[in-house]
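Note that ligands are numbered from 1 as they come in the structure, with each ligand's atoms numbered from 1 the same way.
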Amino acid sequence: MGLTAARSVCMCWIVCVFIALMDTHTPDGGWSAVSEQSLQDEGLCNIDVLDASSLSHQQFLERYAYSQPLVLRGLTDNSRFRKSCSRSNLLEVYGALTVRLSTANTFSYRKVDVPFRDYVNRFLRPQSVNALGSETLYFFGDNNYSEWRGLLDQYQVPPYVLPQTSSALSFGVAGAGTGVPFHWHGPGFSEVIYGRKRWFLYPPDREPHFHPNRTTLSWLRETYPHLPEDEAPLECTIRPGEVLYFPDRWWHATLNLDTSVFISTFLS
Ligand SMILES: *[C@@H]1O[C@H](CO)[C@@H](O)[C@H](O)[C@H]1NC(C)=O
Ligand SMILES: *[C@@H]1O[C@H](CO)[C@@H](O)[C@H](O)[C@H]1NC(C)=O
């Protein structure tokens with residue numbers, strides 16, 4: 001092999017290794033390359049945030065499980081799962097699989113099937129404030145467990161289960177500014193693997209004012225600033241390494257501040 005050829009093979013290796021390192025070692029796993037348009041306002045956090053080491057499972061059951069939301073730090077270590085969820089790894093392993101997208105409105109009317117690669121390359125865009133939830137396609141849940149098992153099996157489920165429930169996972173990836181408007185269901189945990197997610201919550205007996213086809217972003221810009229003090233939500237922004245617990249039937253809306261990879265554990 002001539003010197004020039006050897007040098008170019010070597011350069012290529014250096015570049016490849018460099019790209020691989022960048023991708024798994026950048027704080028965003030390559031996801032923010034999709035869009036630089038993160039939202040900056042994390043808002044306040046007026047729910048309890050605790051280190052998992054300071055709250056036992058029993059204390060969780062007594063103080064939170066049936067009565068109020070909570071953010072726990074360091075409950076699980078999902079660094080291995082996080083590596084598997086880098087943009088390049090997900091595209092390489094799962095790019096060809098078909099995923100089912102839902103419209104991001106309260107009752108999720110429309111479902112669309114696309115290859116995961118197309119979703120990442122074409123649909124994963126920052127959300128404009130004027131878009132309707134019923135026009136925004138979002139990948140979260142409806143996961144085919146047999147196809148995604150290799151990934152989902154790596155996820156460490158929050159160990160603070162509720163008695164007599166079993167858990168089901170929903171995995172998703174979505175652009176900055178997207179989110180699900182107010183809705184409710186059974187209890188569970190939500191975790192971001194990449195990106196930040198802002199949460200808004202109300203107890204079951206305090207139905208918030210919102211339009212089911214508008215996005216969380218438009219609610220935040222148009223309704224939230226005018227809420228009287230006694231209608232203010234509970235809220236908090238979660239980051240990787242934190243898990244948010246939502247109790248049964250609590251109203252909640254979410255807003256992805258960055259392009260985000262996230263997973264929820266539903267208990268039923
Ligand atoms: C899940 O994926 C498998 C394997 O590709 C396929 O046979 C099955 O029909 C899929 N299930 C659903 C509910 O789409
Ligand atoms: C929301 O959008 C869906 C689908 O476009 C439509 O069927 C429904 O009537 C709309 N709901 C409201 C309250 O506007």
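A salt bridge links R198 to D41: one of the charged nitrogens lies within less than 4.0 Å of a carboxylate oxygen.
Counting heavy atoms closer than 4.0 Å to ligand 2, residue H211 contributes side-chain atoms (C-beta onward) but none from N, CA, C or O.
Using a 4.5 Å cut-off between side-chain heavy atoms of Ile, Leu, Val, Met, Phe, Trp and Tyr, with links allowed through other members, L70 and F246 fall into different hydrophobic clusters.
H183 has its ring centre no less than 6.0 Å from the ring centre of W251.
Distance screen at 4.0 Å: atom 2 (O) of ligand 1 has a protein heavy-atom neighbour inside the cut-off. Put simply, atom 14 (O) of ligand 1 has protein non-hydrogen atoms near it, under 4.0 Å away.
Of the protein's non-hydrogen atoms, the one nearest atom 12 (C) of ligand 2 is N213 ND2, 3.5 Å. Nearest non-hydrogen protein atom to atom 4 (C) of ligand 1 is E147 OE2, 3.6 Å. Closest protein heavy atom to atom 5 (O) of ligand 2: S134 CB, 4.4 Å. In terms of protein heavy-atom proximity, atom 7 (O) of ligand 2 is closest to Y109 CE2, 4.3 Å.
A side-chain N or O of N78 and one of T76 form a donor-acceptor pair less than 3.5 Å apart.
For the pair G133 and T215, the tightest heavy-atom approach, listed with the atom from each and the gap, is N-CG2, 3.4 Å.
Below 4.0 Å from some heavy atom of N144 lie the following atoms of ligand 1, by number and element: 1 (C), 2 (O), 3 (C), 8 (C), 10 (C), 11 (N), 12 (C), 14 (O).
Residue R206 places its CZ atom among more than 12 non-hydrogen atoms of other residues, nucleotides or ligands, all under 6.0 Å distant.
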